[in-house]
Amino acid sequence: MADEFDYDLFTIGAGSGGVRASRVAAAHGARVAVAEEYRVGGTCVIRGCVPKKMLVYGAHFAEDLEDAKQFGWTIEGKSFDWVKLRDSVQADVSRLEGLYGQTLSNHNVTVYDERATITGDHQITLTSGKVITAKYILIATGARPMVPDFPGNEHVITSNEAFHLDAIPRRILIAGGGYIANEFAGIFNAFGSKVTIANRSETILRGYDESVRDRLLQISLTKGIEFCFHSEFESVEKQDDGSLLVKLTGQDARVFDTVMVATGRVPNIEGLGLESIGVATGRRGEIVVDAFSRTNVDYVYAVGDVTDRVQLTPVAIREGQAFADSVFGGVEPYAVDHSCVPSAVFSHPPIAAVGMTEGEARDTLGTIKVYHADFRPMKNVLSGRNERSLYKMIVDAANDRIVGLHMIGPEAPEIMQAAAVAVKAGLTKADFDATVAIHPTMAEELVLFK
Ligand code: NDP
């Protein structure tokens, strides 16, 4: 490797993509440094997927303890302590942060706990004033919550702050109808908040199959979550008692204790010095890259949310791995396949999907076959919980290939991870039919579609 540079690779951002790329590049023999201005682990580990999933687990006990009655359990004096859950989640986040840091040091990656700015060709300057040169630069700075512009928006929180609340709000308004809004609606609802979701459009979870979205909406309404559609903020005003007076379009002003905004995320590119070497960005502020994650500047690459391709952790990890293998691993450069990426929404109940929705399949394939399994899981029957699951399979009628699978129901993401392998591999409905069911399970519905 070229010794005229301090490092072979300098990574900006130690999140999922940056950590994977740095450690793999180092394992391939590169001299690597990474700069992280906040905490090693990035959004997913520190204030995203991981602590969110722990809160989802915590929230689920509300229903599980209720359901336990019909299974013979008497639970007296049950109560919920938010501060205890919050602090144990944060303790585990710190543990994981430590492990991520250890992974980097075990691979001899130098970590600078400060902000890095590109200040010239192959050159980075740290907040401390230290100037570093690198043969390659990888930008993996992720994204941050986008807060729309309206009077009083300084009073709202985002998911970043939701993990650190002093108390569970009695009344919470969540703006947005996407992943974060629906996941946190389920969490706060289970902890006893009166939850209202307000979205600018008439839908939730755009991009997911209409049937599963409708089912989540119905179930959420039954649980007491309120939805306001075609609603945007006109203003938020802080009142003397600390509560927030919120005016949404077309509605009377209402009072909430907390307003949380979950209206998408924007790439973190500010102050990176991209202009100093002419790195091109797109309309949404994303760093524009080719299939190999290379920018228009040949030694600068970018992976993960800052490129706004698919804003999911496992995708960023794949991109980081592909970059490191391709540039430092001595293999033929390879691109990440962004098609047929399975995903999940950890709502109550969760949604999971892979491949095309029914609408997309109709538009692109012409003739399709659609199979439904609409059932009440055995556990819900016995517990008296009137909550039905829905599984849906979309098949290309021309060749029997499964092109989409959509599920809402308990453990849907766990089931989907395995089923997605089959869909990605191009298996047919006949292949599923030929597989014997495991009885009694919910997942057996996947091989029993009629
Ligand atoms: P989403 O993209 O999921 O949803 C954004 C929501 O905000 C939509 O309902 C959208 O409306 C609305 N919206 C968008 N722009 C505006 C605006 N300018 N003003 C008002 N409303 C607006 O974003 P999230 O913030 O929920 O999550 C960000 C990303 O993080 C997700 O896209 C996902 O990639 C990732 N994520 C993944 C999770 C998972 O894998 N389980 C969990 C959490 C986040 P409309 O209905 O019109 O589209």
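Order of listing sets the numbers, starting from 1, for every ligand and every atom in it.
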(message) Quick check on contacts: which atoms of ligand 1 are under 4.0 angstrom from a heavy atom of Ser201?
(response) 45 (P), 46 (O), 47 (O)
(request) Check each of Pro314, Gly178, Gly264 against atom 23 (O) of ligand 1 and report the one with the nearest heavy atom. (result) Gly264
(message) Looking only at protein heavy atoms, which one is nearest to atom 48 (O) of ligand 1, and what is the separation?
(response) Arg206 NE, 2.9 Å
(message) Heavy atoms only, cut-off 4.0 Å: how does Ala344 contact ligand 1, side chain, backbone, both, or neither?
(response) backbone
(message) Given 3.5 Å as the limit, does a donor-acceptor pair link the side chain of Arg170 with the main chain of Ser193, or not?
(response) no
(message) Between ligand 1 and Asn199, is the shortest N or O to N or O distance under 3.5 Å?
(response) yes
(message) For a quick check under 3.5 Å, do His348 and Glu387 share a side-chain donor-acceptor pair by atom type?
(response) no
(message) Would you call the rings of Tyr371 and Phe449 parallel, tilted or perpendicular, taking 30° and 60° as the class edges?
(response) tilted
(request) Measure from NZ or CZ of Lys52 to the centre of the six-membered ring of Phe184 and say whether it is under 6.0 Å with the direction within 45° of the ring axis. (result) no
(request) Kindly determine whether Ser22 and Thr11 satisfy side-chain hydrogen bond (donor to acceptor under 3.5 Å, both in side chains), including the steps that lead there. (result) CA-CA 7 Å; Ser22 300; Thr11 302; 3.0 Å; yes
(message) Could you identify the single nearest non-hydrogen protein atom to atom 3 (O) of ligand 1 and state the distance to 0.1 Å?
(response) Tyr179 N, 3.1 Å
(request) Report the relative orientation of the aromatic rings in Phe233 and Phe150; use parallel for angles under 30°, tilted for 30 to 60°, perpendicular for over 60°. (result) parallel
(request) In plain terms, say whether Asp374 and Arg388 are close enough for a salt bridge, that is, a side-chain N and a carboxylate O under 4.0 Å apart. (result) yes
(request) May I ask you to check if ligand 1 and Ile180 share an N or O to N or O distance below 3.5 Å? (result) yes
(request) Pick one of side chain, backbone, both or neither for how Arg200 approaches ligand 1, counting any non-hydrogen atom pair under 4.0 Å. (result) side chain
(request) Using heavy-atom distances, let me know which of Gly177, Pro350, Ala352 sits nearest atom 6 (C) of ligand 1. (result) Gly177
(request) Would you indicate which of Asn182, Thr263, Thr203 comes nearest to atom 20 (C) of ligand 1 when only heavy atoms are counted? (result) Thr263
(message) I'd like to check which ligand 1 atoms, numbered from 1 as shown, lie under 4.0 Å from a non-hydrogen atom of Lys52.
(response) 41 (N), 42 (C)
(request) Starting from atom 42 (C) of ligand 1, find the nearest protein heavy-atom neighbour and note its residue, name and distance. (result) Glu183 OE1, 3.2 Å
(request) Decide, yes or no, whether a salt bridge links Arg39 with Glu97 under the criterion of side-chain N to carboxylate O below 4.0 Å. (result) yes
(request) Measure the distance from atom 19 (N) of ligand 1 to every protein heavy atom, then report the residue, atom name and distance (to 0.1 Å) of the closest one. (result) Pro148 CG, 3.8 Å
(message) Over 60° means perpendicular and under 30° means parallel, so tell me whether Phe80 and Phe191 are parallel, tilted or perpendicular.
(response) parallel
(request) For ligand 1, indicate whether the residue Leu312 contacts it via side chain, backbone, both or neither (heavy-atom separation under 4.0 Å). (result) side chain
(message) List ligand 1 atoms under 4.0 Å from Met146, heavy atoms only on the residue side.
(response) 15 (N), 16 (C), 17 (C), 18 (N)
(request) Verify whether one side chain among Thr249 and Glu234 offers a donor that lies under 3.5 Å from an acceptor in the other. (result) no
(request) With atom 34 (O) of ligand 1 as the reference point, say which of Glu232, Arg265, Gln311 has the nearest heavy atom. (result) Gln311
